[in-house]
Every structure is written in structure tokens, then in C-alpha cells.
2 protein chains.
Amino acid sequence: MRRATVYDVAERAGVSIATVSCTYWQPSRVRESTRLKVLEVAKRLNYIPSASARNLARGRVGALGLYSFDFCPVRSLEQGCEDGQEREGETDICTYPLYADEVERGFQQACWQMGQAVLLGGSTGSNPTRSVVDMAGRVDGLALLSWLGDISTLQRLATIMPVVMLAQNPGDLPVLYVSADNYAGLGELIDHLVGVHGAKRIEYVGSMIDPEMRERFHVIQERLTQLGRPVPLMPVDEGFAAKQPFQSVKAMQLARDLPDALVCENDQTALAVINFLRGLGTRVPDDVMVTGADGILAGQFSDPTLTTVQLPMQRIGNIAAHELARQEGKPWTKTKSVLVSEKLKIRQSCGCERPVIHVSDC
Amino acid sequence: MRRATVYDVAERAGVSIATVSCTYWQPSRVRESTRLKVLEVAKRLNYIPSASARNLARGRVGALGLYSFDFCPVRSLEQGCEDGQEREGETDICTYPLYADEVERGFQQACWQMGQAVLLGGSTGSNPTRSVVDMAGRVDGLALLSWLGDISTLQRLATIMPVVMLAQNPGDLPVLYVSADNYAGLGELIDHLVGVHGAKRIEYVGSMIDPEMRERFHVIQERLTQLGRPVPLMPVDEGFAAKQPFQSVKAMQLARDLPDALVCENDQTALAVINFLRGLGTRVPDDVMVTGADGILAGQFSDPTLTTVQLPMQRIGNIAAHELARQEGKPWTKTKSVLVSEKLKIRQSCGCERPVIHVSDC
DNA sequence: CTGAAAGCGCTAACAG
DNA sequence: CTGTTAGCGCTTTCAG
């Protein structure tokens, strides 16, 4: 059975198609009785307006797109397993909450609230350019969570519709960049360590290869400089980036030369450091403070619970959607950016006492 | 600047619009030189094909929709807070992984793989019927994760396009039901408790109000009957549904009348029971086995780790997408259903030894 | 208040 | 191989 169209409804209701259309979009222009009649027929005919036709006529789609790369290992498929159901062993707690999910949540929520549809897309290993262009044809604006394709594609898109890049800034494109404010977040963390705990010597554990992590280190250096405290010239340990992780930390420990605080590139590294130190008989925070960054779930119930700065991924997604909607399909003409503040989560690993959260208390 | 269309491209390339169209969809029909020319012009003009127009002409959308209700507290907005950023206190570990995310992941993945776009929708507290109908107009098929609207709307939709209901079965509609196979999953659990651990007396802790939980109880009864073991007539304790949770459990404990195993309605209840018993000096699994159902993250690193049956939410989403795509826009004509098997996760709370997963091992 | 008619941008026969 | 043409279903002036 063919789907009912405006024509069908109009015919059975004894009116013109214009009236049917108006019934939906400008009800005030239609006499009550006619409107009711139309609605009644529409329901009887099971009429569902075609969005394609409406969008074509209007020149607007009413949908925003979120393009995200499939970067979480939990999500990935195993060889020969079509549905991604099987995972090697257990789910890795250290990856929750998944950034992509958080961003998606915020994006989605904002879109729904604004009455926009949400289109999700991503590369499936195949051609990212192709898929993002296809998406672009379906939406009024596009947010990219993780774009690994070429800049030129981006440039093309940014010319004809609003594009926002999330937590990623590949240069001076006419797009909106929405990212976490590492600067303020880590600054606050350092302030806390220095101000509240009187830390004199603070060292950084992390990679200088990953640009994100490198930035974190620089922010810390800068803040310590401002505070007039000793500034580390290099990470004291590369963390997982090293072939032998934490050997420098071990050396310091053996030499009884641990700093007051070890600020780590992220939570995962911080938890590993804490565990590693425990193995050496060093206690956190008693002997040394350790902090992370990101705000993964595991840091909430590790022992000690982890002091960290929390990435505002949900908020980032949310803002992206709002800003896109505001553009009403019009591209940005120059680079813009929004920094979203991170939240300092003060917990036990810096020496601040707080009740442990027991899993069993659920 | 107006967006380029096929007409623009055709004109500048000195060909007809049909040739432009063919260049994209039937490249073999176009001479190499012409094709290259068209592609070159298209790129120069920043041409992005309009999905609306294409879909309208084709009569197909190339997108599948997932409608889900915003039921997770973590997702919800606080009063006056537009972006859902602020959460009361910490994130609740006991809700991870979020079902909706898992389903979404599976759905998304399947769609991408099949080259289908994914449309996400949901009620934002406002009119669910309206939003679902709007969505329906934009897709070739619809999956509903949590439908709280009326059946008649469902019925209308199911008449004109394929609809699948996830983990929910409101009756004999011409739709596809995809849900977890409680039957086999819990059956296996019982088999394990009886077969491996020689459990004689098994009791159920949970509510009889929630239909899902009630079903779980019935499945357990049935299985025990089949095995010729004592069958509980009622849950021994209502769990959180009671005003005073676990009082019956407490009574049994005091009377030294604990069964061999307490099978709980879900993981959350199971973890709470374990904790409650610990408070009374009873050890799990030494004094009594306790099991859950759902497979939340917390059960992986609780002490003891939790034996449970894991809901296959990702797989459910995945199957839904595949089945929808197979219909190619055509509705189902009669009720169908697919049961997805749950996975028994044997851990410590039933007495099976396995290494504890330390959070700090991340 | 209602209707006629002109597109929206693209696809898919069908001719050439 | 390429061009012509007739829609796809809906919105929206502009007349009536």
C-alpha cells in the first residue's frame, strides 16, 4: 500500500493540498471545522508527512549531525564478528565514561530540546571523506568529534554550512572550536596543591608526544611559574609512553627523592602510578600526592579516590549543538572558539579526606 | 552564497544534469574524461548533493531511526540547568554501562556498516507522539527502545514502515520484538548453581511489581521445577521494592535459615544484598551464594565480584538495525520476535574463584 | 479562509 | 555515452 500524501488527504477531505499543509504549519489560517476534518482524514489515512519533501521545499533540514570516529576499543569489532558483541574478557572500567557517549549525550539532549533531529555518523574504517560529505547533505550543521580525514574536505564543508570541531583544533578554519579549558582546570588543580597542601615541588608524569598531553604539561609549567614555584623542565617520567613505564618514578622512590606531588597526564596514568608506588611500599597521599585528569569513573572508587580535573564532554556536546542551531545553516566566516571549563574534583589522592564510595553501597 | 546544485555543476561542466547525477551513481555509464571533468567542477563549486532532493526522488531515505526515552538519571537535567552538566554529586557507577548507550552503540555500528545514516530521537518530556511521527517521516525504519506513548500511534507507524520494539513487548502488533532471552540466561544460571555448586534451596530476591522482574522470577521457578528442585512460591524478599529492604533476608539470617543461594532480580539488588549480609556478619559466597542479572560494570570489581547474566543490549541494537535494513522500508505484516541470548558471567559471588580486578591495574 | 501554481534539487526512464 | 523530461511530496506566495 502506497503511503498517503497530501494529495490523498486533500482529496478525501475535499480541500486543496495547500489547506492540508496549512493545517499543520499555520493552523490559525484554517477554519476550525476544516482543520478538524483534515486531521481526521489524515489519521484515517495514516498520513505521515515526508520529511524529504518538506525539507526540499523549505531549503532546511531541521537536523544537526554529529560525526564521531569509532575510537574506543570497547566499541570495535573483533575479526569476523559482525555485531561487536564479543569483547575480549571484561569491559575495561578505565575507559568509562566513554567520551564519545558523553558528547553524544550532550549533543542529543540539546537537539531534542530545540526540536532538531540528530544524525549520527562516523567512519567505519572506510572512506571518511565520503561519509562526512554524505552526512553534510543531510543536515543543517555538523559537529566533528574526531576528524582524521583531510583538512580540505573540512574547508569545503565549512564554506557551505556551520561546522564545529570538538576537542580538536587543526588550524585556522572558519569553524567553531569547542574544547575543554585545560588552562583553567589544571591551573586550579595546581593552585589547590600549592595553596591548600603547600606543595613545594611538583613533577609531571606523562608523554610529550601526544599534543594534548604536552599542552597539559605546558599549562602546569606556566602556572607554577606564575606562582613562583620550582618549574619542572621535563616530565619526570613518560608514563605509558616509555618502554619501561614508571622507571624514573621508581628511581626517585629508591633515592628517597619523591616530589610533593606527581601530577599525571590523565587518570589512567595516575591510577597506575598509585598502584605502582604501592608496590614499592610508598603510600598515596601520605608519602606523595598524585593527581590525574579526565575524570574517569574508576577514579571515584579507587583507593585512594583520585583527585582530578573532569573533562566536560557532555557540556561540549551540548554547546556545539546550541551554537550550530543558532547559525541556522549559515557557516561561520572566521575562526571562533569556546573553552568549556573543567571541574576540579578534590578527592583523596591529594590528601583531602572524603568518604570512600563503596561499590556495594549501590 | 547559494549552495551549488546539479544545475550549476552541469552548466559549468558543459553537460546535462543527468550526466552529473550519473557521475555519482552510475559512474560506469559516463566516459572517464567527462566524469573527471564533472568531479573537478563539483569540487571547485563546493557541490554537496542535497539528501532531501535525492531521497524525495528515490522514495527512500537511507536512514534508520532509534527512538529512546531519556530514562537515565545521569542524563536528566537539573532544574534550571539547560545543559545537563551539573550532576548531583558523583556519577553513579551502578548505572554503567547505560543501557541506552549500549543499544545505541550496536545500532549505530550496524547502520554505519550498512551505509545507513542513523537518526536519534526521543521524548524530551514533551509530546512523544509528535516527535516519533516526525522521526518516522525521516527514516526508512524505526526502532523504539522505550515507548511510553500510546499503542495506536505505534500501530499507525507499523502500518507504513518497519518498526522494531527493543526489550519491550506491548502486545500483538505487526512489529519485530527484539529482546534478551531471560529464559535461557537465567536458566543457565540456575543450572550452574545447581549443577556446579549443588545448590538445594534457592530463593529469589526482588519485586513482583515490575513486569520484567516478575518474569525473571517465573523463569527461575520454571527452571527449578524442571530440575526437580524445591521451587519458591514467592520472592523471599522484595528487595528495594519493600519499605524496609532486606528485612526478610535479615530474618532468615538471624534464624540461621539462609538458603544455598539468593538469586536477585538484578545486579544492583545483588550488590546491596551482599553488602547488607556483610553487615550482619554473613559472608558471600562462603555462607550463601548471591547472584545478579544485568551485567553492570560495578559487578566486575565489587568484592566479591558478581556472578550474573549479562544483558546483550549492544547486540539487541545491532540486530534491530540489521532487521530494519532488510525490510527495505516495508513494514512487517505480523508479529515477529527475536530473542538474544544473555551471557552467563561466572565470577566470585557464587563461589567460583577468579582473580579480583583491581581498579588500580588500569 | 481557500485554491492554483511554481518551484525545491535530484533521479530515472526514455530518447537520441 | 549523453540529454530531455517527468515527476518525488510538500511549502508558499499570490489570487480569488
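Side-chain atoms are counted along with the backbone in the values below, which use heavy atoms only and exclude waters and symmetry mates. Here is how names work: the chains are called A, B, and so on, in the same order as the sequence lines, proteins then strands, and each is numbered from 1.
Heavy atoms from other residues, nucleotides or ligands lying under 6.0 Å from CZ of A/Arg130 number 12 at most. Annotation for B/Arg58: atom CZ counts as buried by contact number, over 12 foreign heavy atoms lying within 6.0 Å. Taking a 6.0 Å sphere around CZ of B/Arg326, one finds it holds 12 or fewer heavy atoms contributed by other residues, nucleotides or ligands.
Annotation: proximity of residues 52-60 of chain B to DNA chain C (heavy atom, distance under 4.0 Å) is found for B/Ala53, B/Arg54, B/Ala57, B/Arg58, numbered in ascending order. The stretch residues 14-21 of chain A comes close to DNA chain D through A/Ile17, A/Ala18, A/Ser21, each having a heavy atom under 4.0 Å from the strand. Residues of residues 29-38 of chain A that place a heavy atom closer than 4.0 Å to DNA chain C, in numerical order, are A/Arg29, A/Val30, A/Arg31, A/Thr34.
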Sequence neighbours left out, cut at 3.5 Å: what donor-acceptor pairs do the side chains of residues 329-340 of chain A make with other protein atoms?
from, atom 1, to, atom 2, distance (Å)
A/Trp332, NE1, A/Gln327, OE1, 3.4
A/Thr335, OG1, A/Leu173, O, 2.6

Contacts table for residues 134-144 of chain B: side-chain donor-acceptor under 3.5 angstrom, sequence neighbours left out:
from, atom 1, to, atom 2, distance (Å)
B/Asp134, OD1, B/Arg138, NE, 3.1
B/Arg138, NH1, A/Val61, O, 3.0
B/Arg138, NH2, A/Val61, O, 3.2
B/Asp140, OD1, B/Val61, N, 2.9
B/Asp140, OD2, B/Val61, N, 3.2
B/Asp140, OD2, B/Gly62, N, 2.6

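Axis angle across the helix from C/dC1-D/dG16 to C/dG16-D/dC1, with five pairs used at each end and values rounded to 10°: 30°.
Under the rule for a salt bridge (Lys or Arg N to Asp or Glu O under 4.0 Å), A/Arg29 has no partner lying at least two apart in sequence or in another chain. Residues that satisfy the side-chain contact (heavy atoms from CB on, under 4.5 Å) test with B/Ala42, not counting sequence neighbours, are B/Val9, B/Tyr24, B/Tyr47. Qualifying ring-ring contact (aromatic ring centres under 6.0 Å, His included) partners for B/Trp147, counting only residues two or more places apart in sequence or in other chains: B/Tyr67.
Residue pairs meeting the salt bridge (Lys or Arg N to Asp or Glu O under 4.0 Å) criterion with at least one member in residues 38-47 of chain B, sequence neighbours excluded: B/Glu40-B/Arg44.
Put simply, chain B comes within 4.0 Å of DNA chain D, heavy atom to any atom, from D/dC1 to D/dG9, going 5' to 3'. For DNA chain C, the outermost nucleotides in 5' to 3' order that have an atom under 4.0 Å from a heavy atom of chain B are C/dG9 to C/dC14.
Within 4.0 Å of B/Tyr47, counting heavy atoms only, lie sugar-phosphate atoms of the nucleic acid but no base atom.
Between the side chain of A/Arg156 and the backbone N or O of A/Val133 there is no donor-acceptor pair closer than 3.5 Å.
Between A/Pro97 and A/Glu102, the closest heavy-atom pair is CB-OE2, 3.5 Å. Annotation for B/Ile160 and A/Asn46: closest pair CG2-O, 4.2 Å, computed over non-hydrogen atoms. Across all their heavy atoms, B/Arg3 and B/Asp8 have their closest contact at O-OD2, 3.9 Å. Closest of all the heavy-atom pairs between A/Ser131 and A/Pro128 is OG-O, 3.1 Å. The shortest heavy-atom contact between A/Ile151 and A/Pro170 is CD1-CB, 3.8 Å.
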Output, in order, the C-alpha distance, side-chain angles, deciding distance and verdict of side-chain contact (heavy atoms from CB on, under 4.5 Å) for B/Val164 and B/Ile319. CA-CA 10 Å; B/Val164 12; B/Ile319 290 176; over 6 Å; no

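Separating the CG atom in B/Leu119 from the CZ atom in B/Phe107 is a distance of 9.5 Å, to the nearest 0.5 Å.
Summary of the strand contacts: B/Tyr7 and B/Ser28 both lie near DNA chain D, and taking for each the nucleotide with the nearest heavy atom, the more 5' one is attributed to B/Ser28.
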